[in-house]
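Contents: one structure, followed by commentary.
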Amino acid sequence: MSELPVAGCTAPDPEPVLTTLWRCLLAVTPDVLASGLDGDRTLGELGCDSVDRAEVLVMVMSELGVAVPVTELGRDLTLRGIVDLLVRPR
Amino acid sequence: MSTPPVVVGMSLISPFGHGLGPFAAGLRAGRSAISVQPEGQFPRYRARLAECDLGTVLTGAPEELAKRSLQAARRAQPSVHSGIAVAVGGWLSARLWQRPTAADRIGLVVAGGDLDGGHAQSVHLEHAATPAAVPPRFALHMLTTHPIGVISQALGIHGCGLTIGLATAGGNAAVIAAALLLAAGDIDVCLVVAGPCEPSPVELAALANLGALAWDRPSTPFDQRHSGFVLGAAAACLVLETIGSARRRGVPATVRLAGYGQRLDGNSLADPNAGGESAAMTAALRSAGRKPEQVQYINAHGTGAPAGDLAEAAAITQVFGRCKPGPWVNSTKSLIGHCLGAAGVVEAVATVVQMTHGYLHPNAGLRAPISPRCRFVGAAARPARVTTALSNGFAFGGVNTSLVFTTEPGGRR
């Protein structure tokens, strides 16, 4: 299994990360479009169930080339909370 | 069998198209759905399932049912979409939408938990390329609970659920399991659902190397030129109900699952055994309270694999050899190929369709039968009034199953 970069090595800018997260969210649950991008809402509030959440998070980590321990992302965080985790230096 | 259930609904997607109409017409016409595949594809001959866009299939279904089905199907792989489509079709056909019964009195048995490695292999390739990108939904797809979960969510089923493997005998075994659940009194209605099996290239290569799969030329069941089975694909749903429940709901029934038999050869190999097959047929007839001379028709397992065809012809002769003139025999696989784990349910539907439509479909391509003692249907469909029929399903590992269907006295056609 190949090693993935650890989150925070390059400290990505939060705004593009939020955009990427939103794009992944739309890919997994297109219905969320009606809700509009709201960084203060959780994935659950935006209509994601437990598997949707995992799908979105795996997709966004893959796109960004970062790896965050799944346990940290397992909680129903707001979009900005997820972005903070993805860009947090480690 | 003490309280044989009745068939109250059916649905199917086959290479002939969606629904029972195209299937019945294709069978009657003896139109082979088996075609040569483009150069480089393996196997070269196969029958492919009609396209299944669930949104299109559900057009015309009650809005709430369609919405629930699409929601449940959202993350499912394509083979499960076909399963949902036929389950909804069976549900409507059995009038469970218009005349519902308690959700916890409805069960679900899914046939074919194996021989469906195509999807898994595609994910394995994805994993090899990018380990971190494997979709989490595969954690659901890889389990036999997945079709049960998706279909029960779509239809609101809350009774018991089972998935039956047993390879190519799995369809018949699923019907038997449903009959057992109904007889035990746990449920009043049971959907038996089989989705299309898509074996992986590795699985197909192993079957070809074993000599079971006709991979380089077409093969006709029970013909002296048979060379193995041709891969087919279909999804089917058979809805069984206790007669008391069907009467309470006011649902008409034309055919009864009068009996079944299952016998093991005690053999782990891919060696068909006429003794085990005849024992399963005899047990099924005994369970149905029927004698061999009362059987007018056998829907044979008839794959086109030489050893299997010879064993089944011998088994039929053992059980029915003294009957004059003996039952007619055909193989639905001669028209749509071998549907593997779904075959038993598909062929149960084919049997009921022929019984209710009053004909027997041809054995496509059969020119030189391997046995003069079996009465094979010829190149054209023939009219027939069938009141008792058998449908056989056998599998590697010495698994032999047979179902008995009888017309329901006074049943409307």
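Everything numeric here is computed off the predicted structure, so don't read it as measured data. So that the names make sense, note that chain A is the first sequence line, chain B the second, and so on, each numbered from 1.
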- Query: Taking the side chain as C-beta and beyond, is there a heavy-atom pair between R74(B) and D31(A) under 4.5 Å?
  - Reply: no
- Item | Heavy atoms from other residues, nucleotides or ligands near CD of E126(B) exceed 12 (cutoff 6.0 Å) | yes
- Query: How about E63(B): does its CD atom have over 12 heavy atoms from other parts shown lying under 6.0 Å from it?
  - Reply: no
- Task: Considering non-hydrogen atoms only, spot the tightest contact between L140(B) and V51(A) and give its length.
- Result: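 Of all heavy-atom pairs spanning L140(B) and V51(A), the closest is CD1-CG2, 3.7 Å.
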- Top contributor to chain A contacts, counting heavy-atom pairs under 4.5 Å, from P135(B), P136(B), A128(B): P136(B)
